[in-house]
S.K.: 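There's a structure below that I have some questions on.
Just so it is clear: chains get the letters A, B, ... in the order the sequence lines come, proteins before strands, and each one is counted from 1.
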Amino acid sequence: QKEVEQNSGPLSVPEGAIASLNCTYSDRGSQSFFWYRQYSGKSPELIMSIYSNGDKEDGRFTAQLNKASQYVSLLIRDSQPSDSATYLCAGYNQGGKLIFGQGTELSVKP
Amino acid sequence: DAGITQSPRHKVTETGTPVTLRCHQTENHRYMYWYRQDPGHGLRLIHYSYGVKDTDKGEVSDGYSVSRSKTEDFLLTLESATSSQTSVYFCAISERKGGGGSQPQHFGDGTRLSIL
């Protein structure tokens, strides 16, 4: 079992819809989680950090963490074609290493 | 944007030659990391540094060495490049390593390395 798992996608949503990206993790001791956005040919860019159970909102983005279910999600409201990218979920394991999921490719259709 | 500069941005070289990639930061962050990113494998940690002259191995360290003589510079060396090391290499920095309330890592623009 991979330490951080994501559906690879592609996930396709129409412009204006809500995109929901999901991630599960296996290390129950993990405490800190991050979402990165990576455009094709570019480097990962941090878009959200979440450290405690519940929701954290930043503009059109909402990160959700459920430690009991070992589940992290990212919601993108009012999706735009410019949101089309690969989204990477990452979490620090108990050994202090940042573990990345394989990424979910999101396509927002005009 | 975090002040991270990777050089070179692109390099093509031949099997068996030595290659050095440089990562330079202006943030004075303690931790620096080298990753490679390949289709089907995602981001994989090669080596990391937790201070000047302090380094440790990641999950794919074979064939790579690193050095950190100054806080701002972290070098990745392929002593004798092989075709399997063709990849995109990213440097990342963070203020603090894993644990509660850990700081995220910020990435440089990457180096695209092709070994023929």
S.K.: What residues of residues 109-116 of chain B make heavy-atom contacts with chain A at a cutoff under 4.5 angstrom?
M.R.: Asp109(B), Arg112(B)
S.K.: How long is the gap from CD on Gln103(B) to OG on Ser32(A), to the nearest 0.5 Å?
M.R.: 8.5 Å
S.K.: How long is the gap from CD on Gln102(A) to CG on Leu43(B), to the nearest 0.5 Å?
M.R.: 9.5 Å
S.K.: Under 4.5 Å between side-chain heavy atoms, hopping through other hydrophobics if needed: is there a path connecting Val13(A) to Ile76(A)?
M.R.: yes
S.K.: Could you tell me whether the side chain of Leu98(A) reaches within less than 4.5 Å of the side chain of Tyr48(B), counting heavy atoms only?
M.R.: no
S.K.: Tell me, do Ser94(B) and Tyr92(A) make a side-chain contact under 4.5 Å, heavy atoms counted?
M.R.: yes
S.K.: Determine, using the 4.5 Å side-chain heavy-atom cutoff (strictly less than), whether Leu75(A) and Leu21(A) are members of one ILVMFWY cluster.
M.R.: no
S.K.: Is it the side chain or the backbone of Ile99(A) that comes within 4.5 Å of chain B heavy atoms, both, or neither?
M.R.: neither
S.K.: Kindly give the heavy-atom pair with the smallest separation between Gly108(B) and Ser43(A), and that separation in Å.
M.R.: O-CB, 2.9 Å
S.K.: Indicate if Tyr33(B) and Tyr50(B) have the same hydrophobic cluster label, given that clusters are the connected sets of ILVMFWY residues with side-chain heavy-atom separations under 4.5 angstrom.
M.R.: yes
S.K.: Do Phe107(B) and Lys42(A) come close enough that some side-chain heavy atom pair is under 4.5 Å?
M.R.: no
S.K.: With rounding to the nearest 0.5 Å, note down the distance linking CZ in Phe34(A) to NE2 in His106(B).
M.R.: 8.5 Å
S.K.: Which answer fits Tyr36(A), side chain, backbone, both or neither, if we ask what part of it has an atom under 4.5 Å from a heavy atom of chain B?
M.R.: side chain
S.K.: I'd like to know whether CG of Asp27(A) has more than 12 heavy-atom contacts from other residues, nucleotides or ligands below 6.0 angstrom.
M.R.: yes
S.K.: With a 4.5 angstrom heavy-atom cut-off, could you sort out which part of Gln38(A) is near chain B: side chain, backbone, both or neither?
M.R.: side chain
S.K.: Rounded to the nearest 0.5 Å, what's the gap from CD on Gln37(B) to CZ on Phe100(A)? Could you check?
M.R.: 9.0 Å
S.K.: Measuring heavy-atom distances to chain B, does Leu46(A) have an atom under 4.5 Å in its side chain, in its backbone, in both, or in neither?
M.R.: side chain
S.K.: Out of curiosity, does Phe61(A) fall in the hydrophobic cluster containing Val72(A) (side-chain heavy atoms, cut-off under 4.5 Å, transitive links)?
M.R.: yes
S.K.: Would a hydrophobic clustering, with Ile, Leu, Val, Met, Phe, Trp and Tyr connected at side-chain separations under 4.5 Å, put Tyr31(B) with Tyr51(A)?
M.R.: yes
